[in-house]
Amino acid sequence: LAQVMESGGGSVQAGGSLKLSCEVSVNLYTKNCMGWFRQAPGREREGVATMYSDGGRADYADSVKGRFNISRNDAEKTVYLQMNSLKPEDTAMYYCAAHDHDPVYCFTTDERFFPYWGQGTQVTVSS
């Protein structure tokens with residue numbers, strides 16, 4: 001049984017939208033961080049958006065600010081990524097991740113603090 005499972009990827013034309021969902025079935029502390037990361041072919045994985053529990057602050061990569069929105073349903077341990085105005089450079093495998101460490105480690109640059117990862121969902125944006 002997968003502990004972190006993404007869904008919602010697909011193919012879309014530039015300018016379109018997609019919404020990714022992620023269910024986290026890991027037994028995390030109530031206060032936790034969930035986030036989205038992505039990896040394009042030939043490139044390192046990068047942070048896209050992260051968000052702490054209980055309406056905590058969100059952090060976004062500069063490349064997606066104003067276009068992507070992360071949200072959570074803490075009761076259902078689900079995190080979402082609404083992606084608008086998609087660009088070809090957004091094409092990548094998108095991964096959901098979670099941790100229940102200190103909230104100071106809930107930034108898109110804190111990949112190393114996330115022990116729980118999904119298998120990824122592919123997003124392809126054509127021009």
Side-chain angles (χ1 to χ4, degrees):
L1 180 65
Q3 295 184 312
V4 180
M5 184 174 292
E6 307 95 338
S7 62
S11 297
V12 65
Q13 289 194 324
S17 298
L18 281 174
K19 185 173 183 177
L20 306 182
S21 301
C22 174
E23 275 191 58
V24 180
S25 58
V26 176
N27 191 22
L28 298 171
Y29 287 121
T30 301
K31 296 189 181 300
N32 57 72
C33 176
M34 295 183 183
W36 292 95
F37 297 78
R38 68 185 181 186
Q39 187 168 22
R43 301 188 65 175
E44 291 188 356
R45 190 161 58 189
E46 62 176 355
V48 176
T50 55
M51 190 172 192
Y52 205 67
S53 53
D54 298 331
R57 54 151 177 80
D59 184 51
Y60 294 93
D62 288 343
S63 59
V64 306
K65 282 180 181 176
R67 300 188 298 121
F68 290 12
N69 184 68
I70 186 171
S71 60
R72 298 176 47 139
N73 183 323
D74 288 343
E76 297 186 358
K77 298 176 74 174
T78 303
V79 61
Y80 306 96
L81 186 68
Q82 177 66 48
M83 305 184 293
N84 300 321
S85 302
L86 282 161
K87 304 175 181 180
E89 50 263 44
D90 294 318
T91 295
M93 184 71 78
Y94 282 71
Y95 298 91
C96 176
H99 76 64
D100 52 8
H101 301 308
D102 195 281
V104 298
Y105 303 123
C106 193
F107 289 91
T108 56
T109 53
D110 291 328
E111 178 179 338
R112 64 192 182 282
F113 293 101
F114 288 79
Y116 306 109
W117 292 82
Q119 294 297 307
T121 185
Q122 179 67 36
V123 171
T124 302
V125 184
S126 57
S127 57

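Nothing fancy with the numbering, it's 1 onward along the sequence.
Legend: salt bridge (Lys or Arg N to Asp or Glu O under 4.0 Å) pairs involving residues 25-37, not counting sequence neighbours, sorted by first then second residue: Lys31-Asp54. Applying the disulfide bond (SG atoms under 2.5 Å apart) definition to pairs two or more places apart or across chains, none involves residues 42-73. Note on residues 41-85: no pairs pass disulfide bond (SG atoms under 2.5 Å apart), not counting sequence neighbours. Within the structure, salt bridge (Lys or Arg N to Asp or Glu O under 4.0 Å) contacts touching residues 65-76 (residues at least two apart or in different chains) are Asp62-Lys65, Arg67-Asp90, Arg72-Asp74. Sorted by first and then second residue, the pairs that involve residues 91-112 and meet salt bridge (Lys or Arg N to Asp or Glu O under 4.0 Å), not counting sequence neighbours, are Arg45-Glu111. Counting only residues at least two apart or on different chains, the disulfide bond (SG atoms under 2.5 Å apart) pairs with a member in residues 18-53 are Cys22-Cys96, Cys33-Cys106. Counting only residues at least two apart or on different chains, no disulfide bond (SG atoms under 2.5 Å apart) pair has a member in residues 57-89.
Taking all atoms of both residues into account, the shortest heavy-atom contact from Gly47 to Ala61 is O-CB, 3.3 Å. Considering all non-hydrogen atoms of both residues, Leu18 and Leu86 come closest at N-CD1, 3.8 Å. Shown here for Ala14 and Ser127, the closest heavy-atom pair between the two residues is CB-CA, 4.3 Å. In terms of heavy atoms, Pro115 sits closest to His101 at CD-NE2, 4.3 Å. Shortest non-hydrogen contact noted between Ala58 and Ile70 is CB-CG2, 3.7 Å. In this structure, Ala98 and Val24 approach most closely via the heavy-atom pair CB-CG1, 4.1 Å.
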(message) The test is salt bridge (Lys or Arg N to Asp or Glu O under 4.0 Å); show your working for Glu23 and Lys77 and say whether it passes.
(response) CA-CA 6 Å; Glu23 275 191 58; Lys77 298 176 74 174; over 6 Å; no

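Partners of Glu89 under the salt bridge (charged side-chain N to carboxylate O under 4.0 Å, His left out) rule, at least two apart in sequence or in another chain, do not exist in this structure. Partners of Phe37 by ring pair (Phe, Tyr, Trp, His ring centres under 6.0 Å), not counting sequence neighbours, listed by chain and number: Phe114, Trp117. Residues that satisfy the side-chain contact (heavy atoms from CB on, under 4.5 Å) test with Ser71, not counting sequence neighbours, are Asn69, Tyr80. Here Ser17 pairs with Gln82, Asn84 under the side-chain contact (heavy atoms from CB on, under 4.5 Å) rule; sequence neighbours left out.
The closest side-chain heavy-atom distance from Met83 to Leu20 is below 4.5 Å. Counting heavy atoms from C-beta on, the side chains of His99 and Tyr105 come closer than 4.5 Å. The shortest side-chain heavy-atom distance between Arg57 and Phe107 falls under the 4.5 Å cut-off.
The line from OH of Tyr95 to OG1 of Thr121 is 10.0 Å long, rounded to the nearest 0.5 Å. Atoms CD and OG1, from Gln13 and Thr124 in turn, are 12.5 Å apart once rounded to the nearest 0.5 Å.
At least one donor-acceptor pair under 3.5 Å links the side chain of Glu6 to the backbone N or O of Gln119. With hydrogens and angles disregarded, no donor-acceptor distance shorter than 3.5 Å links the side chain of Tyr116 to the backbone of Met34. Judged by distance alone, with hydrogens and angles left aside, the side-chain atoms of Thr108 form no donor-acceptor pair with the main-chain N or O of Tyr60 at under 3.5 Å.
Val79 and Val26 fall within a single hydrophobic cluster, where Ile, Leu, Val, Met, Phe, Trp and Tyr are joined by side-chain heavy atoms under 4.5 Å apart, directly or via other members. In terms of hydrophobic clustering, with Ile, Leu, Val, Met, Phe, Trp and Tyr side chains grouped at heavy-atom distances under 4.5 Å, Met93 and Phe68 are assigned to different clusters.
Counted by atom type alone, Asn73 and Thr78 present zero donor-acceptor pairs between their side chains at under 3.5 Å.
Hydrophobic cluster of Tyr29: no remaining members, since no ILVMFWY side chain lies below 4.5 Å from it.
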